Amino acid sequence: MKLDLVPFEQIKAGTKTIEIRLNDERRQLLNVGDEITFSLMADQGQKVSVRVLELLHFNSFKDLFEALPPERDGAVSKEYKDMYKYYSEEDEDKYGVLGIRFIKL
């Protein structure tokens, strides 16, 4: 999975422990115990690996943001509507959303 600089650096530092994504076909293949390698979008040679500890399923970004504390993912924004910069509301309705809780390896 690719990440912008700030979340990538937060994972490297151990301050980001949940990644929020659509629960699309790719994410539906994830299981607890899986290893995920995140790469920096601007330099995909930079990578950091994590192990999935928990998969948190929600119907919407709003539900996820209400259920988890603001520090849940190291996010700069605390507004669920900011997720619509990355995902459409149609896809959110179609797939639901996923909080991937992990530990850095």
Side-chain angles (χ1 to χ4, degrees):
M1 293 185 212
K2 298 175 189 167
L3 293 170
D4 287 330
L5 180 62
V6 171
F8 183 84
E9 291 295 329
Q10 289 172 325
I11 291 172
K12 277 179 59 176
T15 59
K16 179 177 173 68
T17 59
I18 296 178
E19 175 64 10
I20 298 172
R21 299 283 173 134
L22 281 179
N23 192 30
D24 59 14
E25 291 93 350
R26 214 169 138 203
R27 261 46 74 178
Q28 290 171 20
L29 299 174
L30 285 174
N31 293 295
V32 171
D34 284 354
E35 185 176 317
I36 298 172
T37 300
F38 292 105
S39 59
L40 179 60
M41 190 145 346
D43 176 3
Q44 294 184 29
Q46 291 192 51
K47 300 184 183 306
V48 62
S49 294
V50 302
R51 179 148 336 271
V52 176
L53 298 177
E54 186 177 12
L55 298 169
L56 307 161
H57 298 269
F58 293 91
N59 292 324
S60 68
F61 292 114
K62 182 176 189 255
D63 291 345
L64 184 149
F65 275 58
E66 288 176 352
L68 300 176
E71 63 276 5
R72 77 201 159 273
D73 62 340
V76 174
S77 172
K78 308 293 187 245
E79 293 293 324
Y80 75 90
K81 291 179 182 178
D82 289 341
M83 296 304 294
Y84 300 129
K85 295 176 193 172
Y86 308 102
Y87 305 110
S88 71
E89 291 182 62
E90 293 79 17
D91 282 345
E92 177 188 41
D93 289 339
K94 180 178 178 180
Y95 296 111
V97 301
L98 185 65
I100 306 166
R101 187 181 310 272
F102 56 80
I103 188 167
K104 182 181 144 207
L105 298 176

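Note that the structure is a prediction, hence the values are computed from the model and not measured.
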Set of side chain to side chain donor-acceptor pair (under 3.5 Å) partners for [X], sequence neighbours left out:
X     : result
Asp24 : Arg27
Ser39 : none
Gln28 : none
Tyr87 : none

Can you measure from [atom1] ([X]) to [atom2] ([Y]) and round to the nearest 0.5 angstrom?
X      : Y     : atom1 : atom2 : answer
Asp82  : Ile20 : CG    : CD1   : 10.5 Å
Phe38  : Ile11 : CZ    : CD1   : 4.5 Å
Leu30  : Ile36 : CG    : CD1   : 5.0 Å
Lys12  : Leu3  : NZ    : CG    : 12.0 Å
Ile100 : Arg21 : CD1   : CZ    : 6.5 Å
Lys2   : Leu40 : NZ    : CG    : 11.5 Å

Contact summary for [X] and [Y], nearest pair of heavy atoms:
X     : Y     : value
Phe61 : Tyr84 : CD1-CE2, 3.9 Å
Leu29 : Asn31 : O-ND2, 3.4 Å
Ser60 : Val97 : O-CG2, 3.3 Å
Ile18 : Leu56 : CD1-CD1, 4.2 Å
Lys16 : Glu19 : CE-OE1, 3.0 Å

* To do: Could you tell me whether the side chain of Asp91 and the main chain of Ser88 form a donor-acceptor pair under 3.5 Å?
  => no
* Asked: Counting distance only, does the side-chain N/O of Lys104 pair as donor-acceptor with the main-chain N or O of Ala13 below 3.5 Å?
  -> no
* 4.5 Å side-chain heavy-atom contact, Met83 and Leu64 -> no
* To do: Sequence neighbours left out, what passes salt bridge (charged side-chain N to carboxylate O under 4.0 Å, His left out) with Lys62? Give chain and number order.
  => Glu66
* To do: Sequence neighbours left out, what passes salt bridge (charged side-chain N to carboxylate O under 4.0 Å, His left out) with Glu89? Give chain and number order.
  => none
* Out of curiosity, does Leu55 fall in the hydrophobic cluster containing Leu22 (side-chain heavy atoms, cut-off under 4.5 Å, transitive links)? -> no
* Asked: Is the CG atom of Asp63 crowded by more than 12 outside heavy atoms at less than 6.0 Å?
  -> yes
* Has Lys47 got more than 12 heavy atoms of other residues, nucleotides or ligands less than 6.0 Å from its NZ? ->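 Above 12, so yes.
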Once side-chain contact (heavy atoms from CB on, under 4.5 Å) is applied, do any residues pair with [X], and if so which ones, sequence neighbours excluded?
X     : result
Glu25 : Tyr95
Asp4  : Pro7, Met41, Tyr86
Asp93 : none

* In the hydrophobic clustering (ILVMFWY, side-chain contacts below 4.5 Å, transitive), which residues join Ile103, or is it alone? ->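 Listed partners: Leu53.
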* What pairs with Phe8 under ring pair (Phe, Tyr, Trp, His ring centres under 6.0 Å), at least two apart in sequence or on another chain? ->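 Once residues adjacent in sequence are excluded, Phe8 has no partner under the ring pair (Phe, Tyr, Trp, His ring centres under 6.0 Å) criterion.
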* Excluding sequence neighbours, so at least two apart, what forms ring pair (Phe, Tyr, Trp, His ring centres under 6.0 Å) with Phe58? -> none
